[in-house]
Amino acid sequence: MPGILRYGGIFVVAVSMSLGAACSGPEGAPRPVDPRLDAGARRLFDDLWWLRGRGILFGHQDDTAYGVEWFAEPGRSDVRETAGDYPAVYGWDIGGLERGDAANLDGVDFALMRVRMIEAHRRGGINAVSWHMFDPISGASSWHDQPVVEHLLPGAPHHAALRAALDRFVEFNAALQREAGDDGPVPLIFRPWHEHNGDWFWWGRRHTREADYIALWRITLQYLRDEKGVHNLLWAWSPDRSRLDPARFEETYFYAYPGDDAVDLLGLDDYWDLGHPANAAGPDEQRAAFVDVLGKLVRAAEARGKLAALTEGGRENIGRDDFWTAVLGAGLLADGDTRKLSYALVWRNANRAREGRDHYFGPWPGHPSAEDFRRFAADPWILLESEAAALLTKRR
Ligand code: BMA
């Protein structure tokens, strides 16, 4: 699609197909946060811009690490076993890396995570990384409400602890790049400091001043990109839906926004509109709110030349057998705006035996919604891994 692209009200004529949407000229075309992105990440950036408005990538957290009924078995994936294809986006969480742990907070071995990331990349999948970082000062988990951020910023007494935590990522990432070998560097969608408008994480609202959160984001970016030379990251920012007011979207969504020069993708973590047990609204009202907020997200992103995605979401234990088409799909596919989301990622399928509970958000063959997931995935707009890879092959 050469031709006319619309960014923030400005029409830009793309120079040629091979340059792609993201390089269409100086008139306001989207630019990555990192002007020195390496080739693999630049290609991911351009691919996502090209795919925008052509389909929504389906993603799943920890998809190839474990499922409801299996753990760390090569080749397995609840999504693939349900619908015949891997998800197009793989979410991973590196919480625990900063402590030097061998496995993340949910028991995913970091060496294995790297292997799964590389395999996904080779198949044409996309890896997205979040970070439930333990408090670098006290060692407590992400979920606590003491003021921490102000003590981690440059000039504060514990700034070195933040740098040390980030250094662990630099090390992990460097090994990922080395191990990827001939396939080139593995690009990542990097989504640190998520759901900061909630009050459940130590970097969250109430125990963190707005300016301090912004400073935390920006120092993270500057440290990794400028000091450590990490150039394989697209930067994704993701407030939580339950703590924003769609009627005052601009004001509430952009609370503590780090800036257009520090964010590539505007995300939203939305469990709230998908049947969250604390949401008293009925299903129709929730569906309408979901469509409304996704549309606002996409339009806000468009106005800033940013990508948009449902960076996390789902309903714990799925809840209804037609969840995929009647709830998630009904929102994602509602109209021309919602359809411009780059991806929608559902949270993890906790392993029942290891965790001793049901805590799943993705499909799996034993669940009564499996048939409905196949219908959802069969929609041409919903892209699993091989469909996305095939589309992108056509682009090249
Ligand atoms: C939460 C839950 C937790 C998990 C955390 C990080 O939403 O799934 O069980 O430890 O995400 O993955």
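Order of appearance sets the numbers: ligands from 1, and atoms from 1 within every ligand. FYI, the numbering just counts along the sequence from 1.
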Arg304 to Phe254 six-membered ring, cation-pi geometry met (6.0 Å, 45°): yes

Test: Arg123 cationic atom under 6.0 Å from Tyr86 six-membered ring centre, within 45° of axis: yes

Part of Arg357 with heavy atoms under 4.0 Å of ligand 1, whether side chain, backbone, both or neither: side chain

Region of Glu355 that comes within reach of ligand 1 [heavy atoms, distance under 4.0 Å]: neither

Stepwise side-chain hydrogen bond (donor to acceptor under 3.5 Å, both in side chains) check, Trp70 with Asp78: CA-CA 9 Å; Trp70 56 274; Asp78 279 352; 2.8 Å; yes

Protein contact to atom 3 (C) of ligand 1 [nearest heavy atom, distance to 0.1 Å]: Arg348 NH2, 3.7 Å

Within-shell test, Asp93 vs ligand 1, heavy atom, strictly < 4.0 Å: no

Within 45° cone of Tyr255 ring axis and under 6.0 Å: Arg205 NZ or CZ: yes

Intermediate values then yes/no, salt bridge (charged side-chain N to carboxylate O under 4.0 Å, His left out), Arg320 and Asp322: CA-CA 5 Å; Arg320 31 191 288 192; Asp322 61 355; 2.7 Å; yes

Ligand 1 versus Gln61: contacting region, heavy-atom distance under 4.0 Å: neither

Per-atom contacts, ligand 1 versus Asp106 - under 4.0 Å to a heavy atom: 4 (C), 6 (C), 10 (O), 12 (O)

Atom 2 (C) of ligand 1 [closest protein heavy-atom partner, distance rounded to 0.1 Å]: His359 NE2, 3.3 Å

Nearest atoms (heavy-atom pairs only) where Glu150 meets Ala156: O-CB, 3.3 Å

Test item, Trp143 contacting ligand 1 (heavy atom, 4.0 angstrom): yes

Per atom 11 (O) of ligand 1, closest listed option by heavy atom (Tyr360, Tyr271, Phe361, Trp347): Trp347

Ala72 to Leu112 - nearest heavy-atom pair and separation: CB-CD2, 4.0 Å

